[in-house]
Amino acid sequence: MKTKLTAMLLCLGQILALAGCAGKAQATNLMEDVAPEPIATETADDNTAETEDAALAVKDFAVRLFQQCAQEGENTLVSPVSVLYALAMTANGAAENTRTQMEAVFGVSLEALNPYLSAYMDTLPSGENYKLTAANAIWFREDECLTVRQDFLQLNANYYNADIYKTPFDQQTLEEINDYVSEHTDGMVKDILDKISDDAVMYLVNALAFDAKWQTIYTENEVRSGDFTLEDGTVRETELMYSEESKYLEDENAAGFIKYYKDGAYAFVALLPKEGVTVADYVASLTGIGLSAMLENAQDVTVEAAIPKFTSEYSTELSEALAAMGMTDAFDPDLANFSLLGEYENGNICISRVLHKTYIAVNEKGTQAGAATVVEMVAETALEAPEETKVVYLNRPFVYLLIDCETNTPIFMGTVMDVG
């Protein structure tokens with residue numbers, strides 16, 4: 001199967017697994033039998049109402065997921081794109097109310113989302129000084145009780161170019177999945193899967209890696225020691241990178257700037273809540289429409305900017321966050337309906353865990369970031385302004401994004417609450 005390289009999107013990882021298999025065997029890649037079929041897709045920048053609706057829905061999903069994950073006082077980093085790819089692959093196996101709820105959380109139908117995400121992958125730029133690589137894969141248990149529908153596999157091969165593996169769910173499978181994620185995140189995300197659950201029948205996985213150099217790399221005299229003040233007043237000494245930027249952002253509660261990577265294909269977006277506004281309150285105030293409008297209406301104003309050098313790792317299990325967003329049936333063994341995915345002879349298939357893990361490093365040269373999402377499926381017994389200079393020093397907690405500059409889609413969204 002051809003691997004799709006696209007700048008910041010994707011390595012959604014969903015894996016469905018079940019117990020009851022013994023023996024160690026190399027995973028069998030079924031892509032020889034499930035080759036992607038040609039599909040008619042629109043490019044992500046086509047000016048069609050359906051494409052525009054899907055693009056806005058993706059941004060809105062990003063903000064809502066970020067709001068559910070952000071924890072007060074702690075650094076947070078999620079890749080909404082990775083999560084969305086993994087969940088979209090999973091949703092292709094959902095039916096009736098389970099599917100309806102998942103589409104409501106996405107904010108768009110799968111009939112519109114599948115082609116949009118497929119086209120989005122293809123349009124993401126890659127060059128000598130920047131890259132975004134993504135990979136999708138599905139592992140399912142080699143078990144006579146498990147029947148996986150060919151239509152489900154074909155759909156995910158067509159739209160997500162997913163590798164498909166049939167394997168005994170044993171220790172070697174665990175290592176293969178973790179190795180796959182590590183390889184496709186350039187080693188930034190490791191050991192995302194802690195165990196193969198006894199009742200797991202399938203895992204759907206997305207992995208994403210981003211690496212880009214700044215448009216203008218910081219010189220030695222532009223990096224100086226400075227203070228970073230936490231919300232409780234604690235002061236940390238850190239290294240701040242000073243520069244002059246040209247795109248200023250502002251809304252009612254925050255000011256910020258856009259800093260571009262090489263060739264302007266991707267950008268780092270910084271949003272500093274105004275004095276008296278906490279990061280938590282600012283995150284809660286965000287909307288997909290508002291964020292999109294702010295990015296599209298960036299002001300051409302000189303910004304004296306400072307960014308702390310930082311490295312952040314984050315991991316979370318998203319089932320509670322997704323349930324709070326309205327996706328409840330998918331996790332309920334009595335109510336889940338994944339009949340379009342397949343069936344298990346002695347139980348009902350549902351989502352057990354949605355594991356998400358991220359990494360980012362921001363320094364003088366640029367940014368490296370990785371993300372992976374794994375969906376674990378189990379079978380359970382049913383139960384315009386005048387020119388002026390702005391100053392935005394990120395010397396206290398702030399919100400940041402990594403976006404593609406064609407659609408302004410947040411590939412990563414995070415908070416820096418502490419640099420210690």
Report, one line per pair, each donor and acceptor closer than 3.5 Å where one atom sits in a side chain of residues 248-256; sequence neighbours left out.
unit_1	atom_1	unit_2	atom_2	d
Y248	OH	E250	OE1	3.4
E250	OE2	K274	NZ	3.1
D251	OD1	N253	N	2.9
D251	OD1	A254	N	2.8
D251	OD2	Y282	OH	2.9

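Side-chain N/O atoms of E376 and S197 include a donor and acceptor closer than 3.5 Å. Checking T328 against Q101 by side-chain atom types alone, a donor-acceptor pair falls below 3.5 Å. Side chains of T100 and N97: a donor-acceptor N/O pair is absent below 3.5 angstrom, by distance only. No donor-acceptor contact under 3.5 angstrom links the side chains of Y159 and N92, judged on distance only. Side-chain N/O atoms of Y242 and N221 include no donor and acceptor closer than 3.5 Å.
Counted within 6.0 Å of NZ on K247, heavy atoms from surrounding residues, nucleotides or ligands total more than 12; the atom is thus considered enclosed. Counting non-hydrogen atoms of other residues, nucleotides and ligands closer than 6.0 Å to CD of E128 gives a total of 12 or fewer.
In terms of modelled atom types and a separation under 3.5 Å, the side chain of D232 and the main chain of T234 share a donor-acceptor contact. For N348 (side chain) and A336 (main-chain N/O), a donor-acceptor pair under 3.5 Å exists by modelled atom type. With hydrogens and angles ignored, the 3.5 Å screen pairs a side-chain donor or acceptor of T98 with a backbone N or O of N337. The backbone N or O of D263 sits less than 3.5 Å from a side-chain atom of Q215, completing a donor-acceptor pair. Looking at E364, its side chain never comes within 3.5 Å of a backbone N or O of T219 through a donor-acceptor pair. Formation of a donor-acceptor pair under 3.5 Å by the D186 side chain with backbone atoms of M188 is not found in this model. No donor-acceptor pair under 3.5 Å is formed between the side chain of R149 and the backbone N or O of G93. Judged by distance alone, with hydrogens and angles left aside, the side-chain atoms of Q68 form no donor-acceptor pair with the main-chain N or O of L318 at under 3.5 Å. Side chain of N158 to main chain of N161: no donor-acceptor pair is present (N/O by atom type, distance under 3.5 Å, no hydrogens or angles). Counting only distance, with no hydrogens or angles, the side chain of H356 and the backbone of A372 share a donor-acceptor pair below 3.5 Å.
Summarising the geometry, atom CG belonging to D53 is positioned 12.0 Å from atom CG belonging to L113; distances are rounded to the nearest 0.5 Å. Put simply, CG on L295 and SG on C405 are 9.5 Å apart, with the number rounded to the nearest 0.5 Å. Considering NZ of K59 and OG1 of T287, their distance stands at 12.5 Å, rounded to 0.5 Å. One finds the CD atom of E142 at 10.0 Å from the CG atom of D170 (value rounded to the nearest 0.5 Å). We find the OG-OH distance between S79 and Y359 to be 15.5 Å, quoted to the nearest 0.5 Å. Atom CG in L341 sits 4.0 Å away from atom CZ in F152 (nearest 0.5 Å).
The stretch residues 200-228 participates, sequence neighbours left out, in no salt bridge (Lys or Arg N to Asp or Glu O under 4.0 Å) pair at all. Among residue pairs with one or both ends in residues 389-403, those qualifying as salt bridge (Lys or Arg N to Asp or Glu O under 4.0 Å) are E275-R396, E388-K390; sequence neighbours excluded. Screening residues 410-420 for salt bridge (Lys or Arg N to Asp or Glu O under 4.0 Å) gives R236-D418 as the qualifying pairs, with residues at least two apart or on separate chains.
The aromatic ring centroids of Y116 and F106 lie 6.0 Å or more from each other. For Y400 and F310, the gap between ring centers is short of 6.0 Å.
Between L401 and V399, the shortest heavy-atom distance links the atoms CD1-CG1, 4.4 Å.
Under the salt bridge (Lys or Arg N to Asp or Glu O under 4.0 Å) criterion, E72 pairs with no residue, sequence neighbours left out. Considering only residues two or more places apart in sequence or on other chains, E296 meets the side chain to side chain contact (heavy atoms under 4.5 Å, CB included) condition with S292, N408.
We find that E317 and R353 are not joined by a salt bridge, their nearest charged nitrogen and carboxylate oxygen being 4.0 Å or further apart.
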